[in-house]
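This report refers to the structure that appears directly beneath it.
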Amino acid sequence: MYIGFDTSNYTTSVAIFDGVNMIQKKRLLNVKKGERGLRQSEAVFQHTVNIPQLIDKLDLSSFGIDAVAVSTRPRNVEGSYMPCFLVGKSNAKVLSVFTNAKLYETSHQVGHILAALYSVGRLDLVNERFIAFHVSGGTTEALLVEPDKNEIIKASVIAKSSDLKAGQAIDRAGVMMGLSFPCGKAIDDLSLKSDKEYKNKPSMSGLNCSLSGIENKAKIMFDNGESRENISKFVLSSISSALVEMTDRIIKEYGELPLVYAGGVMSNTLIKGKIKEKFNAYFAQPQFSCDNACGVAIYAYLKDRNE
């Protein structure tokens with residue numbers, strides 16, 4: 001059995017993987033009404049409270065653990081750091097010592113990619129080159145993913161948003177309209193009630209996009225009395241246009257490589273539908289698209305098998 005810990009800025013997550021089946025327990029962090037996020041100190045406190053409760057629900061006493069893995073940083077690049085990941089790291093360390101299990105460290109981003117591959121039955125892609133999109137509140141990036149002997153996969157950024165992230169655009173529009181943070185599910189539901197069609201021309205610079213204009217336009221629409229349904233549809237249509245254009249340009253630059261989409265934003269109905277209309281791509285199932293420790297547990301499994 002392989003256990004993974006992930007303590008991102010908005011979700012506490014623990015998962016167990018046996019090589020085939022996955023069990024995960026996770027809890028969203030509480031954000032006060034009207035707020036657009038959490039301070040790191042508050043995130044650390046909530047993770048510290050949550051992890052023992054989630055471990056208790058998994059009943060680890062009934063499992064023999066071969067290896068433990070934990071996300072200790074947002075990305076596998078120098079300088080990538082957030083204090084909230086220290087909570088997962090310390091708990092993983094304690095568990096590995098008391099169970100005499102091997103301990104592996106990876107990044108939150110690698111966890112997202114591996115969870116997406118698992119959810120679509122394509123873990124074999126860790127042995128190939130492919131393009132992965134990681135689209136969330138903290139990241140809007142396209143990555144060239146290649147096999148790596150030490151890290152299982154190496155993800156290099158080849159395109160990104162130059163300013164606002166897709167999840168930020170969604171959450172800021174949602175909070176402006178009085179929705180509770182995080183706003184993705186509510187924005188998704190509202191957008192499906194709109195019958196308006198928006199043809200958006202994305203702001204691009206090479207392979208990169210700019211999303212800051214979406215927030216500005218949404219505020220103008222809100223101030224002018226536009227319905228929440230139409231504002232939600234506009235925001236999601238704009239993001240989908242940018243992601244479609246990014247994908248199209250990446251394919252022209254890098255060729256027809258497998259496409260994988262992960263991150264909480266990619267569970268959105270409209271965005272996923274627009275991309276599927278044009279490209280043959282893999283999308284993580286919703287429970288594996290949002291922040292989770294499943295990919296981190298898979299990392300422990302793959303590392304253990306390779307040693």
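Note that the structure is predicted; figures quoted are calculated from it, not measured.
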Exercise for review: State the CD1-CG distance between Ile298 and Leu117, to the nearest 0.5 angstrom.
Suggested key: 8.0 Å

Revision key, fill the gap. For Tyr2, the side chain to side chain contact (heavy atoms under 4.5 Å, CB included) test, sequence neighbours excluded, returns Asp66, Ala67, Ala300, Tyr301, Asp304

**Study point:** Nearest-0.5 Å distance, OG of residue Ser240 to OH of residue Tyr198
**Key:** 12.5 Å

Check your understanding: What heavy-atom pair brings Ile170 and Cys183 nearest, and what distance separates the two atoms?
Key -> O-CB, 4.1 Å

Exercise for review: Inspect the surroundings of CD in Glu307 and state if more than 12 heavy atoms from other residues, nucleotides or ligands are less than 6.0 Å away.
Suggested key: yes

Practice item. Please test Leu95 against Phe5 for side-chain contact (heavy atoms from CB on, under 4.5 Å), starting from the C-alpha separation and ending with a verdict. Key: CA-CA 11 Å; Leu95 183 63; Phe5 289 87; 3.8 Å; yes

**Study point:** Distance-only side-chain donor-acceptor flag, Thr12 / His47, under 3.5 Å
**Key:** yes

Review point. In this structure, which one of Val296, Ile3, Val70 forms a side chain to side chain contact (heavy atoms under 4.5 Å, CB included) with Val14?
Key: Ile3

Check your understanding: Which residues pass the side chain to side chain contact (heavy atoms under 4.5 Å, CB included) test with Asn216, sequence neighbours left out?
Key -> none

**Study point:** ILVMFWY cluster, Val260 and Met246 together (side-chain gap under 4.5 Å)
**Key:** no

Check your understanding: Any chance CG of Asn306 has more than 12 other-residue heavy atoms, nucleotides or ligands included, within less than 6.0 Å?
Key -> yes

Review point. Applying salt bridge (Lys or Arg N to Asp or Glu O under 4.0 Å), which residue pairs with at least one partner in residues 22-39 are found, sequence neighbours left out?
Key: Arg36-Glu215

Check your understanding: Which pairs count as salt bridge (Lys or Arg N to Asp or Glu O under 4.0 Å) when at least one residue sits in residues 141-159, sequence neighbours excluded?
Key -> Arg75-Glu141, Arg129-Glu146

Check your understanding: Is Asp59 atom CG crowded by more than 12 heavy atoms from other residues, nucleotides or ligands, each under 6.0 Å away?
Key -> yes

Exercise for review: Report yes or no: do Val135 and Val157 belong to one cluster of Ile/Leu/Val/Met/Phe/Trp/Tyr joined by side chain heavy-atom distances under 4.5 Å?
Suggested key: no

Practice item. Could you tell me the separation between the CE atom of Met266 and the CD atom of Gln285, rounded to the nearest 0.5 Å? Key: 14.5 Å

Exercise for review: Consider only side-chain heavy atoms of I, L, V, M, F, W and Y, link residues closer than 4.5 Å, and tell whether Val235 and Leu243 are in one cluster.
Suggested key: yes

Practice item. Look at the side chain of Gln24 and the backbone N and O of Ile16, then say whether any donor-acceptor pair between them is shorter than 3.5 Å. Key: no

Review point. Same cluster for Ile239 and Ile250 if Ile/Leu/Val/Met/Phe/Trp/Tyr side chains link at under 4.5 Å?
Key: yes

Check your understanding: What salt bridge (Lys or Arg N to Asp or Glu O under 4.0 Å) pairs are there with at least one residue in residues 161-170, not counting sequence neighbours?
Key -> none

**Study point:** CA sep, side-chain torsions, deciding dist, call: Phe130, Leu259, side-chain contact (heavy atoms from CB on, under 4.5 Å)
**Key:** CA-CA 6 Å; Phe130 63 95; Leu259 294 168; over 6 Å; no

Review point. Do you know which two heavy atoms are closest between Leu125 and Pro258, and how far apart they sit?
Key: CD2-CG, 4.1 Å

Exercise for review: Determine the minimum heavy-atom distance between Phe85 and Ser71, stating which atoms define it.
Suggested key: CD2-O, 3.4 Å

Exercise for review: Measure across Ala115 and Cys294 and return the closest heavy-atom pair with its distance rounded to 0.1 Å.
Suggested key: CB-CB, 4.4 Å

Point to revise | Smallest separation among heavy atoms of Ala218 and Ala173, with atom names | key: CB-CB, 4.5 Å

**Study point:** Any donor-acceptor pair under 3.5 Å from Lys303 side chain to Leu103 backbone
**Key:** no

Exercise for review: Please confirm whether the backbone N or O of Ile220 pairs with a side-chain atom of Asn224, one donor and one acceptor, at under 3.5 Å?
Suggested key: yes

Point to revise | Asp291 side-chain N/O to Ser8 backbone N/O, donor-acceptor pair under 3.5 Å | key: no

Review point. Which ring-ring contact (aromatic ring centres under 6.0 Å, His included) pairs, counting each pair once, include a residue from residues 262-291, with sequence neighbours left out?
Key: Tyr118-Phe288, Tyr261-Phe283

Review point. Which residues satisfy the side chain to side chain contact (heavy atoms under 4.5 Å, CB included) test with Asp188, sequence neighbours excluded?
Key: Ser191, Leu192, Asn268, Thr269

**Study point:** Partners passing salt bridge (charged side-chain N to carboxylate O under 4.0 Å, His left out) against Lys185 (at least two apart in sequence or in another chain)
**Key:** Asp189

Check your understanding: Which salt bridge (Lys or Arg N to Asp or Glu O under 4.0 Å) pairs, counting each pair once, include a residue from residues 222-251, with sequence neighbours left out?
Key -> Glu197-Lys233, Lys219-Asp223, Glu245-Arg249, Asp248-Lys252, Asp248-Lys278

Check your understanding: Below 4.5 Å, heavy atoms only, C-beta onward: do Leu190 and Ile231 meet side chain to side chain?
Key -> no

Practice item. Quick one: closest heavy-atom pair of Ile65 and Ala101, and the distance? Key: O-CB, 3.6 Å

**Study point:** Path from Val110 to Met22 over hydrophobic side-chain contacts below 4.5 Å
**Key:** yes

Review point. Within a reach of under 6.0 Å around NZ of Lys89, are more than 12 heavy atoms found that belong to other residues, nucleotides or ligands?
Key: no

**Study point:** Full working for side-chain contact (heavy atoms from CB on, under 4.5 Å) between Thr106 and Asn76
**Key:** CA-CA 7 Å; Thr106 187; Asn76 278 342; 4.3 Å; yes

Point to revise | Interatomic spacing from OG in Ser80 to NE2 in His108 - rounded to 0.5 Å | key: 10.0 Å

Practice item. Give, for atom CG of Asp171 and atom CG of Leu164, the distance between the pair rounded to the nearest 0.5 Å. Key: 10.0 Å

**Study point:** 4.5 Å side-chain heavy-atom contact, Ser161 and Cys209
**Key:** yes

Check your understanding: Do Ser13 and Asp6 have a side chain donor and acceptor closer than 3.5 Å?
Key -> no

Review point. Less than 4.5 Å apart, any side-chain heavy atom of Ile187 and any of Leu179?
Key: yes

Point to revise | Nearest-0.5 Å distance that lies between atom CD1 in Ile251 and atom OG1 in Thr247 | key: 6.5 Å

Check your understanding: Who are the side-chain hydrogen bond (donor to acceptor under 3.5 Å, both in side chains) partners of Ser194, not counting sequence neighbours?
Key -> Asn230

Study note, to complete from the structure: With sequence neighbours left out, the residues meeting side-chain hydrogen bond (donor to acceptor under 3.5 Å, both in side chains) with Asn9 are Gln40

Exercise for review: Test Asp124 against Glu128 for side-chain contact (heavy atoms from CB on, under 4.5 Å), laying out the working first.
Suggested key: CA-CA 8 Å; Asp124 60 292; Glu128 302 178 27; 4.0 Å; yes

Check your understanding: Between Asn200 and Ser238, does any side-chain donor sit less than 3.5 Å from a side-chain acceptor?
Key -> yes

Point to revise | Criterion side chain to side chain donor-acceptor pair (under 3.5 Å) on Asn292 and His112, from CA distance to verdict | key: CA-CA 7 Å; Asn292 64 82; His112 262 299; 4.8 Å; no

Point to revise | Donor-acceptor under 3.5 Å (Ser136 side chain, Thr139 main chain) | key: yes

Study note, to complete from the structure: Members sharing Leu38's hydrophobic cluster, built from side-chain contacts under 4.5 Å between Ile, Leu, Val, Met, Phe, Trp and Tyr, are Tyr10, Leu29, Val31, Val175, Phe181

Point to revise | Check: Ser237 main-chain N/O paired with Ser241 side-chain donor or acceptor under 3.5 Å | key: yes

